**Student:** 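Submitted below is the structure of interest, expressed as structure tokens.
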2 protein chains.
Amino acid sequence: MSKYHHGDVRNVLLREAETILRKEGPGGLSLRRLARLTGVSEAAPYRHFDGKDGILAAVAIAALERFGERLEETARCDLPHEERIVALGAAYVEFAIEHPQHFRLIFGRERPPLDQYPDLRDAADSVFDILQRSVTNLDQRGDMTLADAANAYNRALAAWSRAHGIATLVIDGMISPPLDQPLQQFVFGLLAEDLGIPASLQNTKK
Amino acid sequence: MSKYHHGDVRNVLLREAETILRKEGPGGLSLRRLARLTGVSEAAPYRHFDGKDGILAAVAIAALERFGERLEETARCDLPHEERIVALGAAYVEFAIEHPQHFRLIFGRERPPLDQYPDLRDAADSVFDILQRSVTNLDQRGDMTLADAANAYNRALAAWSRAHGIATLVIDGMISPPLDQPLQQFVFGLLAEDLGIPASLQNTKK
DNA sequence: TGAATATGTTAACATTATTAACATACATAA
DNA sequence: TTATGTATGTTAATAATGTTAACATATTCA
């Protein structure tokens, strides 16, 4: 009769960490509480993870993978280029709103240092690559000059910033999406406002 | 000969908190260390502030005021409307880069809850008002319809998101401004990319 | 002067991350 | 099978944190 666990303690810890994180964010995740909830001693997690940061890194990697899949799925859909960019931005923001704590863990200050967790860095780079490829549409353009490439990179950064800004402001409570409007519509409005604007931005009273 | 302090303990604490925050961020600010550095007992800060959040709120309010002044100064300068928007965005991003910890304290997850610190909420609202007024340029337009107003609000949000996204990505280390280019130029490039883009965004091979 | 208040102090409590020292299960080589 | 080593548990200790209680001294002002 073993009072010890049977091997998947690591996974149980991870799952429990997920649900705590979802409710209380990276700061609220306490190793001791996690251990208690998992029904394991307070030092046990250290056998499976490199301390608190180790657990956070593992959760962040999993989140980044889901995030990446979602973006890739959106990027694959058959749309004109501009609309694809808007759709990507919307998917980006929606992920942030649906999983604010994961989003914060991925991007925020409590993220474990990338240079200490190479797998985490890889996962993050991979997501950025998806964004960049989709926005600059490199696949269909093998004929770019160097200037074109620099420009494409800049466009990717700009599109990313746009979506990231909306996402961050919303989950930090500085912007509240209107309740009488589907979230998608709101996000699309903001993203399109940034993209399409020429007419509405002119203050020339024609 | 009084071994007690002489009244400005509150201000000394605030200044010391500022310098700690600047170096280590809101999470690294420990009340006990703050007290030790200030040369005061570990419980003294509680006589002047409502715990840790109280100190953070006070620092955040001061930071918001400086931030607001800077934005207002930029908004006052005599420029065409579009360029003013870009200049405002640049000022926004520059503040974030120069004072990343303050910026995080103002907007991030460690900000004391706005509904517990009304002064903090007021300070934040005031900054957003500056942004909104400048971007929508309400002063020169008393003749707006309701639709115009809604549109103007959306434009303000879009411009804000744009600047906020760049700022956040840069200070969280996801974007590194190129070293061989003045910061201003980089920011301007990104902001203009978002505003001006029609030509470069078309994938129609003319 | 004397009482109320503001501002200190020390000591305690509960919580946290982490590590050291020790114990048991399990796998594999003899 | 037995012996040994490694993986995985445990308990106990250390050092740090936010916060509060109980107490002490200044300051203010009726």
Side-chain angles (χ1 to χ4, degrees), chain A residues 1-21 23-60 101 105 108-113 116-117 120, chain B residues 1-21 23-60 101 105 108-113 116-117 120:
Chain A
M1 186 233 276
S2 79
K3 52 180 204 167
Y4 280 15
H5 278 252
H6 296 348
D8 67 336
V9 174
R10 190 193 147 99
N11 289 322
V12 180
L13 280 172
L14 260 188
R15 267 204 306 277
E16 202 68 49
E18 276 268 0
T19 76
I20 294 182
L21 182 95
K23 278 185 291 189
E24 321 193 17
L29 191 155
S30 125
L31 274 198
R32 299 177 96 109
R33 199 150 64 89
L34 172 60
R36 271 192 309 261
L37 285 178
T38 309
V40 90
S41 86
E42 294 174 339
Y46 289 89
R47 297 290 171 195
H48 300 273
F49 297 96
D50 176 19
K52 186 172 187 175
D53 272 359
I55 296 189
L56 288 181
V59 175
Q101 308 292 8
L105 176 58
R109 206 191 43 76
E110 322 224 31
R111 178 191 59 204
Q116 259 173 62
Y117 297 89
L120 181 55
Chain B
M1 188 232 276
S2 79
K3 53 181 207 173
Y4 283 12
H5 278 252
H6 296 351
D8 66 338
V9 175
R10 189 192 149 100
N11 288 322
V12 179
L13 280 172
L14 261 188
R15 268 203 305 277
E16 203 68 49
E18 276 269 359
T19 76
I20 295 182
L21 182 94
K23 280 184 289 189
E24 322 194 16
L29 191 157
S30 124
L31 275 197
R32 298 176 99 110
R33 198 152 63 90
L34 172 60
R36 269 190 311 260
L37 285 179
T38 309
V40 92
S41 86
E42 294 174 338
Y46 288 88
R47 298 293 171 193
H48 300 274
F49 297 96
D50 176 19
K52 187 172 187 176
D53 271 0
I55 296 190
L56 288 181
V59 176
Q101 309 291 8
L105 175 59
R109 204 192 44 76
E110 321 223 35
R111 179 191 58 206
Q116 259 173 61
Y117 297 90
L120 181 54

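All figures in this text were calculated on a predicted structure; none of them were measured in a lab. Sequence lines set the chain letters: A, B, ... in the order given, protein chains first and strands last, and positions in each chain run from 1. Hydrogens, waters and symmetry mates are skipped; everything else that's a heavy atom, side chains included, is used.
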**Student:** What heavy-atom pair brings B:Leu105 and B:Glu110 nearest, and what distance separates the two atoms?
**Tutor:**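 That closest heavy-atom pairing would be CD1-O, 4.3 Å.
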**Student:** Do A:Leu31 and A:Leu34 have side chains that approach each other closer than 4.5 Å (heavy atoms only, starting at C-beta)?
**Tutor:**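 Answer yes - side chains close enough.
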**Student:** Rounding to a whole Å, what distance do you find between A:Leu31:CG and D:dA15:C1'?
**Tutor:**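 Checked: the CG to C1' distance equals 16 Å.
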**Student:** Which is true for B:Arg36 with a 4.0 Å heavy-atom rule: it touches a base, it touches only sugar-phosphate, or it touches nothing?
**Tutor:**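 Since only primed, P, OP1 and OP2 atoms lie under 4.0 Å of B:Arg36, the category is sugar-phosphate.
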**Student:** Please identify each residue that fulfils side chain to side chain donor-acceptor pair (under 3.5 Å) with B:Tyr46, with sequence neighbours left out.
**Tutor:**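 Side chain to side chain donor-acceptor pair (under 3.5 Å) check on B:Tyr46 returns nothing, list empty.
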**Student:** Measure NZ/B:Lys52 against P/C:dT15 and give the value in whole Å, please.
**Tutor:**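 After rounding, the gap between these two atoms is 18 Å.
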**Student:** What residues in residues 41-51 of chain A put a non-hydrogen atom under 4.0 Å from any atom of DNA chain C?
**Tutor:**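 The answer is A:Ala43, A:Tyr46, A:Arg47, A:Gly51.
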**Student:** For A:Leu29, answer base if it contacts any base atom (sugar-phosphate contacts may also be present), sugar-phosphate if it contacts only those atoms, and nothing otherwise; contact means non-hydrogen atoms under 4.0 Å.
**Tutor:**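 It contacts sugar-phosphate atoms only.
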**Student:** Between atom CZ in B:Arg32 and atom C1' in D:dT20, what is the gap in whole Å?
**Tutor:**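 Rounded to the whole Å, the gap is 11 Å.
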**Student:** Report yes if the side chains of A:Arg111 and A:Leu120 come closer than 4.5 Å at any heavy-atom pair, otherwise no.
**Tutor:**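 They are in side-chain contact.
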**Student:** Would one find a side-chain N or O of B:Ser30 under 4.0 angstrom from OP1 or OP2 of D:dG18?
**Tutor:**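 Looking at the OP1 and OP2 atoms of D:dG18, one of them is under 4.0 Å from a side-chain N or O of B:Ser30.
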**Student:** Contact between B:Val59 and B:Leu56 at the side-chain level, heavy atoms closer than 4.5 Å - yes or no?
**Tutor:**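 Answer no - side chains too far apart.
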**Student:** B:Asp53 has an atom CG; how far is it from atom C1' of D:dT19, in whole Å?
**Tutor:**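 Interatomic distance, CG of B:Asp53 to C1' of D:dT19: 12 Å.
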**Student:** In terms of side-chain heavy atoms of A:Val40, which of D:dT19, D:dT10, C:dT9 is nearest?
**Tutor:**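 Closest of the options to the side chain of A:Val40: D:dT10.
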**Student:** For A:Asp8 and D:dG9, what is the distance between atoms CG and C1' respectively, to the nearest whole Å?
**Tutor:**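 Distance check: A:Asp8 CG to D:dG9 C1' gives 14 Å.
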**Student:** If you compare all heavy atoms of B:Gly28 against all heavy atoms of B:Ile20, which two are closest, and at what distance to 0.1 Å?
**Tutor:**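 In this case the closest contact between B:Gly28 and B:Ile20 is O-CG2, 4.4 Å.
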